[in-house]
**Q** 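The structure follows.
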Amino acid sequence: MILPITSENNQNGHLVIGGNDVLKLREKYGTPLYILDIATIKNKCQSYRNNFTFSDLDVGIIYAAKAFICTAMCELIAREGLGLDVSTGGELFIALASGFPADRIYFHGNNKSVEEIRYGLKSKVGYFMVDNFLELETLGKLCEKNNTRQKIMLRINPGIKANTHEYLQTGEIDSKFGFSLSSNVALEAVKKVSQYKNLELTGIHAHIGSQIFNILCYSRLIEVFIKFIREVRDKLGVSITRINIGGGLGVKYTPEDKPSSIEDLAKIVYDAVREYQKKFDVSLDKLYLEPGRSIIGNAGVTLYKVGVVKKIDGVKNYILIDGGMSDNIRPMLYQAKYYAYLANKMGDSKNTEDDRKIHYSIAGRHCESGDVIIDDIKLQPVSSGDFIVVATTGAYCYSMSSNYNGQPKSAVVAVENGKSWVWIKRQTYKDLVMGDVKLYEN
Ligand code: LLP
């Protein structure tokens, strides 16, 4: 499934999501428009909960806010019973502003400032995910000073290469994240925690990468983790019973993509836990996952209006849309591939692969040649005034959006059961100068 699960076509040949004709959404909210299908988000949360329910292993699902965050999303995640991974003071602020229960917040970040650490403590976040020795020391000392206890997990760099784009690999030996397993750095970190009476080591964490299709690396990670837990017990007499294996499950962006399912992941994870617990005589009481993209990715689409259609004879046909790299930087950063539909010409006879006869390049309105959302896609004939919907833009599009070229950020609209409402307002031109001040003070 590329489009959100509630997607259908109506008798006018328009795309309908969550019971809303997207052309009507366009009239109401304008374009470019991020549309989020609540049913798809709920369905993914439920799928994680259901597939990861085992009689002999407790599993916690934590949504990675960096994929997409706003107060409404935090409210939804809270209702769905998931935890929340925040990675900066800013994300923590958004979560708290939504009323998200602090004890279900996992505070990540590889370079937290002292102010951020204080803010996390003051907010009573459930867990600090400690990345490095400086953070450990700062946190340990602050807790001692304030006479407060804090649960922590240590982020470990397991030295595992995930099979994905190099920018999306985070678990390799040269990664900037976490305590390395090599040269006993991670072991030292565990030892160091015991120097701080107020810190409670509840587990170890790793996130090895994102948009991962070959999920066997999770089995390898679990093996490495359980082996390490055994080593920690043997060498330090410390018992660790919880592991957090991060996020990373890939999603479908194009018809060619064949990601593993949440169900496949659950099986691999469960089998690995059973196998390696036995092999290393270790027993876990809880496992955590931190999915971001696989919860929100397929729930979102971006609707654009086609402006100019430019033909460079014998070379290229450009469809120029009213957004671009300011609302979706992923094709430029990661060579990410996307798939699109003509939202106003979805009718059966018009949208089969046979009808997609013309090669187009879908490009944005920014001052860069690289501002291309889809380099080559076959579509039925497109004219100015048509509407393009780009699929799978729920994750890492709004959250990585910018005001490049003075483009106001697009609105985010939620849809469900025939209703639509704004989750994040469209920025106005005025918003673009809100923070600006005069040339000189006087
Ligand atoms: N946990 C940690 C500690 C993470 O750093 C991340 C993502 C996740 C969980 C969630 O991973 P997911 O399930 O979403 O793959 N901007 C890139 C993705 C960067 C991911 C960073 N960390 C992109 O657009 O593909």
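First listed ligand is number 1; within each ligand, the first listed atom is number 1. Below, all heavy atoms of this structure are taken into account, side chains as well, without hydrogens, waters or symmetry copies.
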**Q** Got the closest protein heavy atom to atom 15 (O) of ligand 1, with its distance?
**A** S210 OG, 2.3 Å
**Q** Check whether any N or O atom of G209, backbone or side chain, sits under 3.5 Å from an N or O atom of ligand 1, and answer yes or no.
**A** no
**Q** Closest non-hydrogen protein atom to atom 8 (C) of ligand 1, residue and atom name please, with distance?
**A** H207 CE1, 3.4 Å
**Q** Side chain, backbone, both or neither: which applies to D85 and ligand 1 if a contact is any heavy-atom pair less than 4.0 Å apart?
**A** side chain
**Q** Counting from 1, what ligand 1 atoms have a heavy atom of M400 closer than 4.0 Å?
**A** 16 (N), 24 (O)
**Q** Okay, side chain of N198, backbone of T148: is any donor-acceptor separation there less than 3.5 Å?
**A** yes
**Q** Using the six-membered ring wherever Trp is involved, compare the ring planes of Y48 and F52 and label them parallel, tilted or perpendicular (cut-offs 30° and 60°).
**A** parallel
**Q** Check contact between A395 and ligand 1, using heavy atoms of the residue and a distance below 4.0 angstrom.
**A** no
**Q** Would you mind finding which of R330, R155, K66, H108 brings a heavy atom closest to atom 4 (C) of ligand 1?
**A** K66
**Q** Measuring from atom 9 (C) of ligand 1, which candidate in M129, Q211, E290 has the nearest non-hydrogen atom?
**A** E290
**Q** Which ligand 1 atoms, with their elements, are less than 4.0 angstrom from a heavy-atom of G248?
**A** 11 (O), 12 (P), 13 (O), 15 (O)
**Q** What atoms of ligand 1 come within less than 4.0 Å of a heavy atom belonging to R293?
**A** 12 (P), 13 (O), 14 (O), 18 (C), 23 (C), 25 (O)
**Q** What orientation do F107 and F128 show, parallel under 30°, tilted 30 to 60°, or perpendicular over 60°?
**A** tilted
**Q** Give the C-alpha distance, both sets of side-chain angles, the deciding distance and a yes or no for salt bridge (charged side-chain N to carboxylate O under 4.0 Å, His left out) between D37 and K44.
**A** CA-CA 11 Å; D37 182 40; K44 298 292 176 189; over 6 Å; no
**Q** Taking all atoms of both residues into account, what is the closest heavy-atom pair of H366 and D371, and its distance?
**A** N-OD2, 2.8 Å
**Q** Compute the minimum heavy-atom distance from P291 to ligand 1 and say whether it is under 4.0 Å.
**A** yes
**Q** Please determine whether the number of non-hydrogen atoms from other residues, nucleotides or ligands lying under 6.0 Å from atom NZ of K227 exceeds 12.
**A** no
**Q** When you look at CD of E144, are more than 12 heavy atoms from neighbouring residues, nucleotides or ligands closer to it than 6.0 Å?
**A** yes
**Q** Give the residue and atom name of whichever protein heavy atom lies nearest to atom 16 (N) of ligand 1, and the separation in Å to one decimal.
**A** Y334 OH, 2.8 Å
**Q** Angle between ring planes, F179 versus F133, binned at 30° and 60°: parallel, tilted or perpendicular?
**A** perpendicular
**Q** May I ask you to decide if the ring planes of Y106 and Y127 are parallel, tilted or perpendicular, using 30° and 60° as cut-offs?
**A** parallel
**Q** Using a plain distance cutoff, I'd like to know if G246 has any nitrogen or oxygen under 3.5 Å from a nitrogen or oxygen of ligand 1.
**A** no
**Q** Starting from atom 14 (O) of ligand 1, find the nearest protein heavy-atom neighbour and note its residue, name and distance.
**A** Y396 OH, 2.6 Å
**Q** Is the side chain of Q150 donor-acceptor paired with the backbone N or O of G126 at a distance under 3.5 Å, no angle test?
**A** yes
**Q** A64 heavy atoms, cut-off 4.0 Å: which ligand 1 atoms fall inside?
**A** 8 (C), 9 (C), 10 (C)
